[in-house]
2 protein chains.
Amino acid sequence: MPPTLADVAERAGVSRQTVSNAINNPDLLRPQTLERVQAAIQELGYRPNRAARHLRTRASHLIGLRLPPAQEFTANAAMDRFVHALVEASREAGYHLLLFSGGPGKPETTAEDLVRGYDDLLRSTAVDAFIVTDTYLGNPQTRWLSERHAPFVAFGRPWEDPDETHPWVDVDGAAGVELATQHLLDRGHERIAWIGWAETSFIGQDRRAGWERAMAAAGRPTDGLAVRVADTVDAGREAADVLLDSVRPSAIVCASDTQAVGVLHSLAARGLHPGRDVAVVGFDDSQVAQVVPGGLTSVRQPLEQVAIELVRALEALLAREPYDARGVLLVPTLAVRGSSG
Amino acid sequence: MPPTLADVAERAGVSRQTVSNAINNPDLLRPQTLERVQAAIQELGYRPNRAARHLRTRASHLIGLRLPPAQEFTANAAMDRFVHALVEASREAGYHLLLFSGGPGKPETTAEDLVRGYDDLLRSTAVDAFIVTDTYLGNPQTRWLSERHAPFVAFGRPWEDPDETHPWVDVDGAAGVELATQHLLDRGHERIAWIGWAETSFIGQDRRAGWERAMAAAGRPTDGLAVRVADTVDAGREAADVLLDSVRPSAIVCASDTQAVGVLHSLAARGLHPGRDVAVVGFDDSQVAQVVPGGLTSVRQPLEQVAIELVRALEALLAREPYDARGVLLVPTLAVRGSSG
DNA sequence: GTGAAAGCGCTAACAT
DNA sequence: ATGTTAGCGCTTTCAC
């Protein structure tokens with residue numbers, strides 16, 4: 001049974017309140033007393049009981065994070081790195097991460113299932129705030145949380161609803177793809193194709209805009225060079241097949257590593273060599289991009305920085321500090337590997 | 001501000017304790033009263049305050065999990081799938097996962113750093129128990145927790161110390177590799193090489209034993225066919241180079257997908273075709289194995305089942321139920337892809 | 001079957 | 001600068 005405030009107080013020869021002050025308002029104590037109390041804390045290995053502190057202060061020092069199901073048969077592995085970065089950033093701010101999942105195990109059925117995890121934690125005052133990760137099209141999480149005045153910050157811009165007033169942190173996908181496209185232009189490529197997602201995807205449109213921007217700046221036409229397909233390996237492969245059989249690009253930029261891997265499949269089937277015959281660039285710097293034979297050049301999101309900014313925003317939010325920067329946009333980098341030369 | 005027991009009691013026209021009973025001991029109430037209370041709970045959207053309940057019952061319904069740093073430039077991605085499986089399994093048992101990290105950010109320096117996260121959570125009674133994931137050589141976590149009588153279950157056998165009495169769940173790596181080797185034997189391979197880890201790794205030795213077992217059962221010699229190297233892509237590539245230049249195996253089984261990808265590198269550099277010229281099998285069924293062009297045959301750990309068993313053991317432990325099965329050993333499966341024919 | 005009283009460990013407000 | 005009092009929301013005796 002861990003020691004309590006009373007145990008420390010007795011040992012130090014002071015009252016419980018003085019021990020509490022020694023922890024939360026050390027400047028209130030006379031140095032001599034403070035030292036004595038700290039010695040007692042040290043000797044007993046005392047740590048404040050979190051439940052009691054939580055009950056009293058109404059702060060759990062817990063941040064809720066919904067963990068979306070791990071996607072297999074894709075190269076979308078950003079979550080792993082992100083969660084770890086978040087654990088680190090939270091720890092430095094004195095917070096822990098509380099994980100929960102969406103609906104009843106299987107695929108996210110209704111919007112209610114998706115929101116149930118948030119609702120439970122909110123009503124039971126289990127967490128101080130949430131970090132929301134999927135802000136893409138049709139996701140009701142942010143609006144639902146806003147309506148309920150639940151404290152949260154989002155990884156991802158409020159694409160659908162620019163009037164949303166919650167703090168957010170995002171990565172500038174357009175800038176990342178522009179970087180990738182410029183990299184290919186610099187290497188002498190002229191016909192650079194784009195494989196992206198459906199038009200309804202804001203993130204997909206954003207990333208595509210980077211390609212368009214770089215191509216326009218270089219005075220290169222883009223007609224027939226863009227395809228919109230699903231975010232799967234097979235879709236990427238099929239899209240590459242179509243492009244290679246028609247417009248014959250010398251380089252292909254993709255909205256994701258998953259699609260880029262599909263392109264690698266297509267090249268392999270044709271006996272073409274990535275980087276030598278056709279350059280390929282992906283997005284997310286997944287483990288797959290890092291270790292696939294030859295290496296896949298990819299846009300890397302600064303997830304560690306994203307985590308730090310998210311926690312910073314959260315601290316400001318919970319402290320009700322004026323947080324002027326409503327949104328923070330971070331710039332990705334490019335990890336250059338064999339697939340681009 | 002969420003409603004409290006008192007609010008529900010007032011609305012239902014009963015006392016607070018009756019509401020508490022309605023939640024925790026429904027059979028104590030007369031059906032009519034119970035119904036009225038439940039209606040009030042429903043109408044108010046009442047959820048017990050977790051901090052208060054925790055303080056009173058000394059049960060946080062939180063499970064602590066240390067998240068080891070995500071390894072980049074490897075194919076070791078089992079953690080992602082495992083954490084998600086654990087969140088699901090915990091949820092069904094009424095628990096949430098609390099994430100923490102090891103030392104002060106950077107590489108795990110001392111053993112004390114590693115243990116500090118556990119210590120903090122334990123002393124502050126933040127979690128009811130831990131799930132420990134790295135039980136490999138030289139890891140002090142389990143012994144430290146045992147000494148402190150901290151409730152925990154381990155994913156991984158107590159290799160070093162078979163006298164350890166904590167519950168554990170593990171995957172039979174030897175059986176998995178045996179499965180893989182048998183699969184290759186069935187396809188007509190005779191010279192099947194092994195690329196594994198250092199002799200000091202219990203897990204590595206276990207997996208290797210599966211290869212030895214299958215080879216012995218088939219009456220195949222193994223001389224010169226085994227290599228011990230680090231768990232990196234480069235080490236796997238170099239080991240494959242050595243093997244292909246010497247004993248010329250027709251198939252290579254690896255202790256990890258990371259090493260197996262290294263083998264793929266070696267084959268690619270030699271213009272050899274995985275599966276046609278040389279068969280390759282990895283371990284972990286990582287995203288890399290799943291999407292790499294051609295596909296990498298790999299041993300797949302039943303992580304969802306592992307998570308379920310871990311939580312089951314934890315429940316028994318916390319309920320002080322007699323949990324006779326000290327350890328549970330689960331059998332992996334083989335995901336067959338192009339690299340093995 | 002239901003209600004009254006006590007207390008988990010802590011901190012905020014006040015008194016000294 | 002330190003001690004006293006009260007109460008956060010819940011469950012656990014123990015009366016009735």
Side-chain angles (χ1 to χ4, degrees), chain A residues 1-41 44-62 94 120-128 319, chain B residues 1-38 40-41 44-62 94 120-128:
Chain A
M1 229 186 209
T4 71
L5 263 193
D7 298 325
V8 178
E10 188 180 10
R11 181 165 194 119
V14 295
S15 75
R16 283 167 25 188
Q17 187 50 35
T18 302
V19 180
S20 175
N21 283 336
I23 294 166
N24 301 306
N25 302 86
D27 4 322
L28 288 183
L29 301 211
R30 155 190 334 162
Q32 187 190 349
T33 318
L34 179 60
E35 204 172 322
R36 210 168 67 243
V37 174
Q38 282 174 336
I41 289 176
L44 293 169
Y46 169 77
R47 296 304 212 136
N49 179 305
R50 293 179 69 123
R53 177 177 262 187
H54 175 184
L55 183 58
R56 187 67 240 231
T57 63
R58 312 183 153 287
S60 64
H61 283 262
L62 253 34
D120 273 10
L121 293 175
L122 216 47
R123 289 191 194 280
S124 60
T125 64
V127 300
D128 293 344
Chain B
M1 223 173 219
T4 73
L5 266 193
D7 298 325
V8 178
E10 187 181 9
R11 182 167 193 117
V14 295
S15 75
R16 284 164 25 185
Q17 302 69 339
T18 303
V19 181
S20 177
N21 283 335
I23 294 167
N24 302 306
N25 302 85
D27 1 323
L28 288 184
L29 301 211
R30 147 188 344 158
Q32 186 188 351
T33 318
L34 179 60
E35 202 173 324
R36 213 168 64 244
V37 174
Q38 283 174 334
I41 289 176
L44 292 169
Y46 170 78
R47 296 306 211 132
N49 179 307
R50 293 179 71 123
R53 175 176 265 186
H54 174 185
L55 183 59
R56 187 67 240 233
T57 61
R58 308 184 157 288
S60 63
H61 283 262
L62 253 32
D120 274 11
L121 294 175
L122 216 46
R123 289 189 194 282
S124 60
T125 65
V127 299
D128 293 344

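By convention in this document, chain letters (A, B, ...) are assigned in the order of the sequence lines, proteins followed by strands, and residues within each chain are numbered from 1. Note: hydrogens, waters and symmetry copies are ignored here, and every other heavy atom, side chains too, is used.
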Difference in axis direction between the ends of the helix from dG1(C)-dC16(D) to dT16(C)-dA1(D), five pairs, 10°
40°
Just how far, in rounded Å, is C1' of dG1(C) from CD of Gln17(B)?
13 Å
When you check the phosphate oxygens OP1 and OP2 of dG9(C), does a side-chain N or O of Arg53(A) lie under 4.0 Å from one of them?
no
If we count only N and O atoms by modelled type, under 3.5 Å, do the side chains of Gln17(B) and Ser15(B) hold a donor and an acceptor together?
yes
Under the side-chain contact (heavy atoms from CB on, under 4.5 Å) criterion, do Leu121(A) and Leu62(A) qualify, and how do the steps go?
CA-CA 11 Å; Leu121(A) 293 175; Leu62(A) 253 34; over 6 Å; no
Is Asn24(A) close enough to dT11(C) that one of its side-chain N or O atoms is under 4.0 Å from OP1 or OP2 there?
yes
Judged by atom type as modelled, is there a donor-acceptor pair below 3.5 Å linking the side chain of Asn49(B) to the main-chain atoms of Ala52(B)?
yes
Atom pair CG (Leu34(B)) and OG1 (Thr18(B)), whose distance is rounded to the nearest 0.5 Å
11.0 Å
Report the distance from atom CZ of Arg56(A) to atom C1' of dA13(C), rounded to the nearest whole Å.
9 Å
May I have the distance from Arg50(A) (atom CZ) to dT11(C) (atom C1'), rounded to whole angstrom?
16 Å
So what does Leu29(A) touch, heavy atoms closer than 4.0 Å: a base, only the sugar-phosphate, or nothing?
sugar-phosphate
Does Thr33(B) have a side-chain nitrogen or oxygen under 4.0 Å from the phosphate oxygens OP1 or OP2 of dT2(C)?
yes
Walk me through whether Gln38(A) and Leu29(A) qualify under side-chain contact (heavy atoms from CB on, under 4.5 Å).
CA-CA 11 Å; Gln38(A) 282 174 336; Leu29(A) 301 211; over 6 Å; no
Measure CG/Leu34(A) against C1'/dT2(D) and give the value in whole Å, please.
13 Å
It should be established whether Arg58(A) places a side-chain nitrogen or oxygen under 4.0 Å from OP1 or OP2 of nucleotide dG9(D).
yes
Just to be sure I understand the geometry, which residues of residues 4-16 of chain B put a non-hydrogen atom under 4.0 Å away from DNA chain D?
Thr4(B), Leu5(B), Arg16(B)
On DNA chain C, more 5' by nearest nucleotide between Thr18(B) and Leu55(B) is Thr18(B)
Determine, step by step, whether His54(A) and Thr125(A) satisfy the side-chain contact (heavy atoms from CB on, under 4.5 Å) criterion, reporting the C-alpha distance in whole Å, the side-chain angles of both residues, the deciding distance to 0.1 Å, and the verdict.
CA-CA 9 Å; His54(A) 175 184; Thr125(A) 64; 4.3 Å; yes
Exam field: side chain Arg36(B) to backbone Ala12(B), donor-acceptor pair closer than 3.5 Å:
yes
Rounding to a whole Å, what distance do you find between Leu28(B):CG and dG3(C):P?
13 Å
Respond yes when some side-chain nitrogen or oxygen of Ser20(B) is under 4.0 Å from OP1 or OP2 of dT11(D), and no when none is.
yes
Can you measure His61(A) atom NE2 to dC10(C) atom P for me and round it to whole angstrom units?
14 Å
Whole angstrom is fine here: how far is it from CG in Leu44(B) over to P in dG9(D)?
14 Å
d(CZ, Arg47(B); P, dC10(D)) in whole Å
12 Å
